[in-house]
Asker: 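I have a structure here, written as structure tokens, and I will follow up with some questions on it.
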Amino acid sequence: MHHIVAVRDTNNHETRVALTPVVCKKLVDLGMQVTLEAGFGERLHLTDSAYHDVGVTLNARAEVLAAAGVLVSLHPPAQDDLAQLPEGAAVASFLDPFRQADLIKYLASNKLSALAMELIPRSTYAQKMDALSSQASLAGYAAVIGAADRINKALPMMTTPAGTIAPARVFVVGVGVAGLQAIATAKRLGARVEAYDTRPVVAEQVASLGAKFVSIDVGETGQTAQGYAKALTDEQLAKQRAQMAKHCANADIIITTAQLFGRPAPRIITAEMVAGMKPGSIIVDLAASTGGNVEGSKADEDVVVDGVTIVGFVNFPGTVARDASQMYASNIASLLEHLWDKESKTITFNLEDDITQGTLLTHQGEIRDERVREAVNG
């Protein structure tokens, strides 16, 4: 399994690529053989010669797939492509395992090994492989740029002979990787930024970026014996919504970033909150692909409700495709290097290793992740 391959993405809306020449050189220098479909980097203006110059072989799609040790991809590969892989080959990709039951069953029943990039452990050592975080970080940045592009006002305060323009107010809901980058970007553009998260522990990070952490008092929340936040009562949820509605009404731009792996996104912004916003305001729902944080948002559509635009665009990292591709390719390369056995010059799966253990979703005919196995088997 020393042969790393990738083919052109069949999704015509995708602007990123899974491997860049810089990263391919690193893999080739380690002793891996890299073969790509001719024209692989075209959508990013990367020529075949740019890949060829670093030791990559370019070939027709069928030949590339037939030679695969590990097929690298950004999106879950099509079954037509998987059917052409040799026995015992592996796939490294985002696999969306909870919503791709047929694909996961196919991988397992055809004894293909699958490395799911969503399952990279959240450990310090594995950070350089964490593609969810690298892409979410760029999504947070691009969401603010997208909102700034759509809104009919300037973001910074401006003092002019014609009067003073007040800064735009940005409200970021969910302070994870994407939320932090959204806060930092909105601050750089001169907006007045507030942020909210159900975890008060992030207040310090919000303040360090120059934004104001919104504290919403819903009474005693507490946690379970296992350390999980207790579910809010109906009364507490009503309190939370009432207090959030005020911050929504004051905002010119809202960015929501709350996603739950394997479950639908939590509904945070209600139709009533949207109705209370100023016409011309913008909401960017970064969770639109998994059901949305905003009532009324639709994946890959802009929905206008009484003058408020709800942006459900899914591929925000793709708007900065050059950097997003380089980061994703680097994540993939770090994973492959971790699995690379220098002695035998091959990719090996050591099931005692934490990263392999966590990321290897299907192997030798079985679905190894218990949560995914339960979801796939209904």
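All of these numbers come straight from a predicted model, not from anything done at the bench.
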Asker: Around atom NZ of K187, are there more than 12 heavy atoms from other residues, nucleotides or ligands closer than 6.0 Å?
Answerer: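 More than 12 heavy atoms, drawn from other residues, nucleotides or ligands, come within 6.0 Å of this atom.
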Asker: Go through the structure and list residues passing ring-ring contact (aromatic ring centres under 6.0 Å, His included) with F98, not counting sequence neighbours.
Answerer: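 In terms of ring-ring contact (aromatic ring centres under 6.0 Å, His included), with neighbours along the sequence ignored, F98 is linked to F261.
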Asker: Run the ring-ring contact (aromatic ring centres under 6.0 Å, His included) test on Y196 and H247 for me, step by step, so that the C-alpha distance in whole Å, both residues' side-chain angles and the decisive distance to 0.1 Å come before the verdict.
Answerer: CA-CA 10 Å; Y196 171 67; H247 295 279; 8.4 Å; no
Asker: Could you name each residue pair satisfying ring-ring contact (aromatic ring centres under 6.0 Å, His included) that touches residues 74-93, not counting sequence neighbours?
Answerer: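 For residues 74-93, and leaving out neighbouring residues, there are no ring-ring contact (aromatic ring centres under 6.0 Å, His included) pairs at all.
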Asker: For the CE atom of M32 and the NE2 atom of H3, what is their distance to the nearest 0.5 Å?
Answerer: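 Output value for this atom pair is 12.5 Å.
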Asker: With a cut-off of 6.0 Å (strictly less than), are more than 12 heavy atoms of other residues, nucleotides or ligands near CG of D354?
Answerer: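 No, CG of D354 has 12 or fewer neighbouring heavy atoms, counting only those of other groups under 6.0 Å.
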Asker: Step through the shown structure and confirm whether more than 12 heavy atoms of other residues, nucleotides or ligands are within 6.0 Å of NZ on K298.
Answerer: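 At most 12 heavy atoms, drawn from other residues, nucleotides or ligands, come within 6.0 Å of this atom.
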Asker: Quick one: do the Q84 and R61 side chains pair a donor with an acceptor below 3.5 Å?
Answerer: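 Q84 vs R61: no donor-acceptor pair found between side chains.
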Asker: Could you tell me the separation between the OG1 atom of T309 and the CE atom of M277, rounded to the nearest 0.5 Å?
Answerer: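 Separation between the atoms: 9.5 Å.
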Asker: Is it true that atom CG of N377 has more than 12 heavy atoms of other residues, nucleotides or ligands lying nearer than 6.0 Å?
Answerer: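 Atom CG in N377 is crowded, with more than 12 foreign heavy atoms closer than 6.0 Å.
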Asker: Take atom NZ of K278 as the centre, draw a 6.0 Å sphere, and report whether it contains more than 12 heavy atoms from other residues, nucleotides or ligands.
Answerer: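 Counting other residues, nucleotides and ligands, NZ of K278 exceeds 12 neighbours.
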Asker: With sequence neighbours left out, what residues match Q364 under side chain to side chain contact (heavy atoms under 4.5 Å, CB included)?
Answerer: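 Q364 satisfies side chain to side chain contact (heavy atoms under 4.5 Å, CB included) with no other residue.
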Asker: Checking side-chain polar atoms at under 3.5 Å, does T47 have a donor or acceptor matched by the opposite partner on S49?
Answerer: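 The answer is yes; a qualifying pair exists.
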Asker: Look up atom CG in N11 and atom CZ in R16, then write down how far apart they are to the nearest 0.5 Å.
Answerer: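 Going from the CG atom of N11 to the CZ atom of R16 covers 9.0 Å.
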Asker: Can you pull out every side-chain hydrogen bond (donor to acceptor under 3.5 Å, both in side chains) where at least one residue sits in residues 155-167? Sequence neighbours excluded, please.
Answerer: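 Of all non-adjacent pairs touching residues 155-167, none passes side-chain hydrogen bond (donor to acceptor under 3.5 Å, both in side chains).
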Asker: Sequence neighbours left out, what pairs pass ring-ring contact (aromatic ring centres under 6.0 Å, His included) with at least one residue falling in residues 287-316?
Answerer: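 Of all non-adjacent pairs touching residues 287-316, those that pass ring-ring contact (aromatic ring centres under 6.0 Å, His included) are F313-F316.
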Asker: If you group Ile, Leu, Val, Met, Phe, Trp and Tyr whenever their side-chain heavy atoms sit less than 4.5 Å apart, what else falls in with I165?
Answerer: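 In the cluster with I165 are M158.
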